[in-house]
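Residue indices begin at 1 and follow the sequence shown. Every value quoted in this text rests on a predicted model; they were computed, and no experiment measured them.
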Amino acid sequence: LRWFVPHLMVLALVTNLLLIELPRYRVLLAGQLLFYALAIYGLLRLRAERPNGFLVSLASFFLAMNAALLQGFVRFLRADLGGAWSRTRR
């Protein structure tokens, strides 16, 4: 299930945007955007080498790890599998 979280996050955002006319989904979208804003705020504070609280750190970690998973999946689909490692002679 962990491997699907980035895809489900994108799906949830798109779904909430499509269903924004319904009050329930407007509230869910607001919460989702608030979570993303909190996570981005935490990442910016980390870049500036300022400490974060527990919840901000948790949101930042969650967003960064899932963004990395999604980026890796996109690279896999494009067959861009080159990495920093090279094979050694045996």
Side-chain angles (χ1 to χ4, degrees):
L1 184 61
R2 181 171 118 46
W3 300 103
F4 296 110
V5 171
H7 311 288
L8 295 174
M9 289 172 68
V10 171
L11 181 65
L13 181 62
V14 170
T15 303
N16 285 333
L17 286 170
L18 291 174
L19 297 171
I20 199 166
E21 297 299 320
L22 301 171
R24 168 182 323 146
Y25 293 99
R26 202 173 302 138
V27 171
L28 287 174
L29 178 62
Q32 189 174 9
L33 293 177
L34 181 65
F35 174 80
Y36 293 149
L38 181 69
I40 291 169
Y41 169 74
L43 292 171
L44 291 174
R45 284 184 58 89
L46 280 177
R47 180 175 269 187
E49 297 182 6
R50 293 190 176 132
N52 287 322
F54 176 73
L55 289 178
V56 175
S57 294
L58 186 64
S60 299
F61 174 78
F62 184 79
L63 184 66
M65 291 303 109
N66 284 299
L69 273 173
L70 189 60
Q71 182 183 16
F73 182 73
V74 169
R75 287 184 62 196
F76 170 76
L77 289 179
R78 292 189 328 206
D80 181 17
L81 301 178
W85 299 99
S86 59
R87 210 175 259 268
T88 61
R89 281 185 43 207
R90 295 189 187 226

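A 4.5 Å side-chain heavy-atom check between Leu69 and Arg2 finds at least one atom pair inside the cut-off. Side-chain contact check for Leu29 versus Leu33: some heavy-atom pair is nearer than 4.5 Å.
Across Leu43, Leu38, Leu55, a single residue satisfies side-chain contact (heavy atoms from CB on, under 4.5 Å) together with Ser60, and that is Leu43.
Other residues, nucleotides and ligands contribute at most 12 non-hydrogen atoms within 6.0 Å of the OH atom of Tyr41. Annotation: Phe35, atom CZ; neighbour count of heavy atoms from other residues, nucleotides and ligands within 6.0 Å is above 12.
Taken to the nearest 0.5 Å, the CG atom of Asn66 stands 10.5 Å off from the CH2 atom of Trp3.
Counting all heavy atoms, side chain and backbone alike, Asn52 lies closest to Gly42 at ND2-O, 3.0 Å.
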Return all side-chain donor-acceptor pairs below 3.5 angstrom for residues 7-25, not counting sequence neighbours, or 'none' if the list is empty.
residue : atom : partner : partner atom : Å
Thr15   : OG1  : Leu11   : O            : 2.7
Asn16   : ND2  : Ala12   : O            : 3.2
Asn16   : ND2  : Gln32   : OE1          : 2.8

